[in-house]
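Only one structure is covered here, and it is reproduced in the block below.
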Amino acid sequence: MATVSPSYREGGWGWVVVLAGFMNEFIICGNLKALGVLITYMKEDFGRELWVVGSIVSLHYAVQSIMCPLAAALAPTFGVRSLVLVGGALYGVGLVVSALTHSIAILALALVVIAGTGVASVMEITHAEVAYYFREKYPLATFVTLTGSPVGMMLLGPITQVLVDTYGWRGAMLLLGGVSFHLVVAGMLIRRPPISYQAVPDHEEQLTIDSINSPGKSSEEVKPNKSKISNLWTSVVSVLCLEVFVSAEFMIVATIRMLYSIGYGGVVVYIVPNGLALGLSAKEASFLTTAWGVGNLAGLVLSASAMHVKLVSVRGAEGIAVSVIAVGFALEPFVSPFVGQILNAFVVGAGLGCAIEGIFVMTRCLPFGDDKFVSVLGWQTFLSGVAAAIGDTLSGWLSDATGSFHATFFLYSATMAAIVLCLLVDAIRISSTTESSKQRGLKILMPSLFKKDSSTSFERMPIQPNPN
């Protein structure tokens, strides 16, 4: 079958999809930072310990990730736009219910199950749709999309404190829920290009397919009579895209994102309570989120620019970023002056911005076609959600058990140091493989980042009918 190289539009309506992704990042990540401001008031209102309310907020963040594989499996059946519309509505409803309830159980149900499931149907699916429009300019498109996160955190942190002072935490949560319904508007902007591309199977895989479709083969070569259990398992593997777990490249990048999520979730939830514990006022502590957001935006700009001009490789940028974050987390509990806290929050935010840009670029260039990218993101995000749930609950327990945030931020620092080890393992793996394997790995990414393009061939085919 004749094949052609992929010819991505590198723009067009893709920039509108990028705008939708920016809106999603702005609202969802901004609300996460807002919850970090509200957590202390929620603790006092419900009369619970900090780790209980902190665990609910952490699980809200974790479920967003854990439900992603299911959302990725449902997207081809129900349509991406429909799924995003329903998810945006669920997210808004969850926050509104959280503002109205006086039961800690209903709060957990609304934030974790309703709102968390809504985000799972929005965030990574939108990221995956960007990949249908961009390859050469994917780092730039990712940069624009991800800037919604620091911008949202910069604005919604201090704004939430003002809303709490004016309307109380319940009024602030209610207003945040109303703003969150704009995810439905963002969902209306999502659509795919008229042509999509799928990776052509490897030579050995093609021979297997040909042998099944060709008559006259021996019973050892062709086994048409599969059991029902085998057929069911094959369907499950296909729908959920479980084959990603046999890829060493996927597992390394997924592990990196798992460790990153532990640190990211921690700074979202505990940076404001840590500032309050160090003697900052409520308004001063709320500005830590602004400093973090400015740093995060600066990190995204720095990382995208450095990779675009080939100043540093994606793994090199990742290693530098996580090393800076590890030092910043280790210093966080000891820097008590307001100016010192602001500077440290800026540095940590910059490191996290550089790190997530590198993770997305490495994920985009895993050896899977565009049609499987949503599942790749889904499983990667699922694993990071599990890690975040365990890590953040443990860190909350450590803060209550020790009476300070020292052990908590040391835990976050250790996770960042572990990412450096993962990058070293990946470098060793690449150096020990053959040249043909390297071409399918993380070393060969995009012409805009490296000298050689991936050798993966593509088949042009009409996109499946989109119910949207």
Side-chain angles (χ1 to χ4, degrees), residues 5-6 131 135-136 138-139 142 199-205 241-263 299 302-327 351-370 372-373 376-377 379-380 383-384 387 413-458:
S5 298
R135 184 171 178 86
E136 286 274 354
Y138 184 77
T142 301
V200 173
D202 291 336
H203 179 66
E204 294 181 0
E205 295 174 342
C241 198
L242 295 178
E243 62 265 28
V244 300
F245 289 99
V246 302
S247 169
E249 296 139 308
F250 170 82
M251 293 306 299
I252 291 173
V253 178
T255 301
I256 290 173
R257 188 165 177 183
M258 290 169 66
L259 294 168
Y260 170 89
S261 295
I262 294 176
L302 179 62
S303 178
S305 301
M307 287 189 289
H308 183 71
V309 301
K310 305 177 186 178
L311 181 63
V312 63
S313 69
V314 62
R315 283 188 302 280
E318 190 76 11
I320 295 172
V322 296
S323 299
V324 171
I325 300 169
V327 174
L352 289 170
C354 290
I356 193 59
E357 173 79 10
I359 290 172
F360 267 91
V361 172
M362 288 190 288
T363 302
R364 174 67 177 93
C365 299
L366 290 173
F368 301 100
D370 290 349
K372 294 183 179 180
F373 188 55
V376 170
L377 280 177
W379 281 115
Q380 186 189 94
L383 295 173
S384 68
S413 180
T415 60
M416 296 300 108
I419 293 180
V420 178
L421 297 179
C422 291
L423 294 171
L424 291 175
V425 170
D426 188 45
I428 294 172
R429 179 192 64 80
I430 291 176
S431 64
S432 63
T433 55
T434 62
E435 183 61 29
S436 60
S437 296
K438 289 180 182 179
Q439 291 177 343
R440 293 177 57 82
L442 295 172
K443 184 175 181 180
I444 307 301
L445 295 180
M446 294 178 239
S448 60
L449 301 181
F450 294 89
K451 295 181 179 179
K452 296 175 65 179
D453 190 13
S454 173
S455 61
T456 304
S457 57
F458 288 78

When rounded to the nearest 0.5 Å, the distance separating OG of S261 from CD1 of I359 is 7.0 Å

When rounded to the nearest 0.5 Å, the distance separating CG of L366 from CG of L377 is 9.0 Å

Side chain to side chain contact (heavy atoms under 4.5 Å, CB included) partners for L311, two or more places apart: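 For L311, the residues satisfying side chain to side chain contact (heavy atoms under 4.5 Å, CB included) (neighbours in sequence not counted) are A306, V309.
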
Tell me, please, which residues at least two apart from A317 pass side chain to side chain contact (heavy atoms under 4.5 Å, CB included).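 V312.
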
Pairs under 3.5 angstrom only: tabulate donor-acceptor contacts from the side chains of residues 251-258 to other protein residues two or more places apart or in another chain.
| from | atom 1 | to | atom 2 | distance (Å) |
| --- | --- | --- | --- | --- |
| T255 | OG1 | M251 | O | 2.7 |
| R257 | NH1 | Q380 | OE1 | 2.8 |
| R257 | NH1 | T381 | OG1 | 3.4 |
| R257 | NH2 | E124 | OE2 | 3.1 |

Pick out which of V314, L302, T142 makes a side chain to side chain contact (heavy atoms under 4.5 Å, CB included) with E357. T142

Please assess M362 against R315 for the test side-chain contact (heavy atoms from CB on, under 4.5 Å), listing each intermediate value before the final yes or no. CA-CA 8 Å; M362 288 190 288; R315 283 188 302 280; 4.1 Å; yes

Looking at every non-hydrogen atom in both residues, tell me the closest pair between [X] and [Y] and how far apart they are.
| X | Y | result |
| --- | --- | --- |
| C422 | L259 | SG-CD1, 4.0 Å |
| G263 | T415 | N-OG1, 4.3 Å |
| A321 | G351 | CB-O, 3.5 Å |
| E318 | C354 | OE1-O, 4.0 Å |
| V420 | G319 | CG2-O, 4.4 Å |

Taking side chain as C-beta onward, heavy atoms only, is F373 less than 4.5 Å from T363? yes

Side-chain heavy-atom pair V361, R364 within 4.5 angstrom cut-off: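 A side-chain contact under 4.5 Å is absent here.
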
Distance-only, no hydrogens or angles: does the [X] side chain make a donor-acceptor pair with backbone N or O of [Y] under 3.5 Å?
| X | Y | answer |
| --- | --- | --- |
| S431 | I428 | yes |
| S303 | G299 | no |
| Y260 | L352 | yes |

Quick one: list whatever passes ring pair (Phe, Tyr, Trp, His ring centres under 6.0 Å) with F250, sequence neighbours left out.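 Result, ring pair (Phe, Tyr, Trp, His ring centres under 6.0 Å) vs F250: F245.
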
